[in-house]
Amino acid sequence: MSADWYKSQLKNRNYLSPLGFKLELELFDGVDFFCQQANIPEITMPVTQVPTRYRSVPIVPGGGVTFGDFSVQFIIDEDLVNYNSIQKWIRRNGNDGGDSTIVPGEPEYSDGRLLITTSNYQIKKAIVFKGLFPISITSVPFDATVTDQEYFTANVVFKYHNYMITDVNFNEL
């Protein structure tokens, strides 16, 4: 074993906290999404199995990558501003036919950032999404039989063109 094995050890022994994040959407400046949960989407690539005499050997075929969905859960504000803004965005992109005076145009995309913070709540990294758009938002189930005060949350699922992990100055790592 090499005598300088310690140089490859982690320098930062602080762990990533599941509580330290904030969501920003470029299209909705000033709308706070009271984000409760969010994810860094999965990324996968196809693999080709090449049969050999003894076993199949996986190789990288170079067929591109597939990105998973970006899911966000947020608390709905009392005026329904954040919920309604996502709902209207889906209606516009999906051409719901509700307003006959609106002529369908180009799809509406937004850039977004999932800001990852340190244990001191300082921004450390950002997940930058390009070409973000919502594809679904959950319902809001009113229930008069609930005994404890619970605040409504909604889940929204986004598709996007690409994402990258950046530093605090939004330079790709």
Side-chain angles (χ1 to χ4, degrees), residues 11-12 14-47 60-140 151-173:
K11 305 265 188 286
N12 184 351
N14 293 321
Y15 303 114
L16 185 62
S17 169
L19 304 176
F21 64 95
K22 179 182 174 186
L23 177 65
E24 293 179 347
L25 295 178
E26 182 180 86
L27 192 60
F28 299 108
D29 189 31
V31 175
D32 188 350
F33 278 87
F34 304 107
C35 198
Q36 298 294 295
Q37 294 179 354
N39 67 318
I40 299 175
E42 68 181 34
I43 182 171
T44 60
M45 66 176 215
V47 176
V60 177
V65 296
T66 303
F67 297 109
D69 293 339
F70 177 47
S71 302
V72 173
Q73 182 184 65
F74 62 93
I75 295 176
I76 302 171
D77 66 281
E78 193 172 58
D79 293 328
L80 295 169
V81 173
N82 53 7
Y83 185 85
N84 199 35
S85 62
I86 294 292
Q87 190 184 74
K88 283 182 175 180
W89 191 4
I90 292 171
R91 288 175 180 269
R92 281 191 306 269
N93 279 347
N95 188 21
D96 73 343
D99 187 354
S100 60
T101 61
I102 296 176
V103 178
E106 290 293 316
E108 200 167 22
Y109 300 107
S110 178
D111 289 344
R113 296 187 289 213
L114 181 62
L115 304 173
I116 311 297
T117 61
T118 66
S119 55
N120 294 329
Y121 300 105
Q122 301 298 315
I123 296 172
K124 182 75 174 179
K125 303 279 187 240
I127 314 304
V128 178
F129 294 90
K130 298 291 184 184
L132 193 70
F133 61 98
I135 60 167
S136 70
I137 189 166
T138 57
S139 62
V140 181
Y151 297 104
F152 281 122
T153 60
N155 294 317
V156 61
V157 177
F158 293 96
K159 294 287 189 183
Y160 50 91
H161 297 154
N162 198 352
Y163 79 86
M164 65 189 122
I165 301 174
T166 68
D167 63 12
V168 293
N169 298 317
F170 306 111
N171 298 315
E172 189 173 358
L173 299 177

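The chain is numbered in sequence order, starting from 1.
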Problem set entry | Pairwise distance CD(Glu26) to OH(Tyr109) - rounded to 0.5 angstrom | 14.5 Å
Exercise. Does Asn162 use its side chain to pair, donor to acceptor, with the backbone of Lys130 at less than 3.5 Å?
Worked result: no
Seminar exercise, completed: Correct closest heavy-atom pair for Ala154 and Ile137 would be CB-CG1, 4.3 Å
Exercise. Hey, are the side chains of Phe133 and Lys159 touching, using non-hydrogen atoms and a 4.5 Å cut-off?
Worked result: yes
Exercise. Considering only heavy atoms from C-beta outward, does the side chain of Thr117 approach that of Lys124 to under 4.5 Å?
Worked result: no
For this session: Could you tell me which non-hydrogen atom of Tyr83 sits nearest to which non-hydrogen atom of Ser139, and how far apart they are?
Result: OH-CA, 4.0 Å
Exercise. Does the separation of the ring centres of Tyr160 and Phe70 fall below 6.0 angstrom?
Worked result: no
Seminar exercise, completed: Here the pair of heavy atoms bringing Pro46 nearest to Pro61 is O-CD, 3.2 Å
Exercise. Got Thr166 and Asn171 here, is their nearest side-chain heavy-atom distance under 4.5 Å?
Worked result: no
For this session: Working to the nearest 0.5 Å, report the span between CG of Leu27 and CD of Glu24.
Result: 13.5 Å
Exercise. Looking only at atom types and distance, does a side-chain atom of Asn120 sit under 3.5 Å from a main-chain N or O of Gln122, one as donor and one as acceptor?
Worked result: no
For this session: Would you please indicate yes or no on a ring centroid separation below 6.0 angstrom for Phe34 and Phe74?
Result: no
Exercise. If you measure from CG on Asn93 to CD1 on Ile135, what distance do you get to the nearest 0.5 Å?
Worked result: 11.5 Å
Seminar exercise, completed: Between the CD1 atom in Ile165 and the CD1 atom in Ile40, the distance rounded to the nearest 0.5 Å is 5.5 Å
Exercise. Do you know which two heavy atoms are closest between Val72 and Cys35, and how far apart they sit?
Worked result: CG1-SG, 3.6 Å
Exercise. Roughly how far apart are Leu114 CG and Leu23 CG, rounded to 0.5 Å?
Worked result: 6.5 Å
Exercise. With distance as the sole test, does Ser110 use its side chain to make a donor-acceptor pair with the main-chain N or O of Leu132 at under 3.5 Å?
Worked result: no
Exercise. Quick check: does any side chain N or O of Asn82 sit under 3.5 Å from a backbone N or O of Ile75, one acting as donor and the other as acceptor?
Worked result: yes
For this session: Could you please spell out the steps behind the side chain to side chain contact (heavy atoms under 4.5 Å, CB included) verdict for Trp89 and Val156?
Result: CA-CA 12 Å; Trp89 191 4; Val156 61; over 6 Å; no
Seminar exercise, completed: In terms of heavy-atom contacts, Ile86 and Pro134 come closest through CG2-CB, 4.2 Å
For this session: Please name the pair of heavy atoms, one in Lys125 and one in Val168, separated by the smallest distance, quoted to 0.1 Å.
Result: N-CG1, 4.4 Å
Seminar exercise, completed: Separation between OG1 (Thr138) and CD (Gln73), nearest 0.5 Å, reads 8.0 Å
Problem set entry | Note, Leu173 side chain near Asp167 side chain (heavy atom, < 4.5 Å) | yes
Problem set entry | Check against ring-ring contact (aromatic ring centres under 6.0 Å, His included), Phe158 and Phe129 | CA-CA 10 Å; Phe158 293 96; Phe129 294 90; 8.2 Å; no
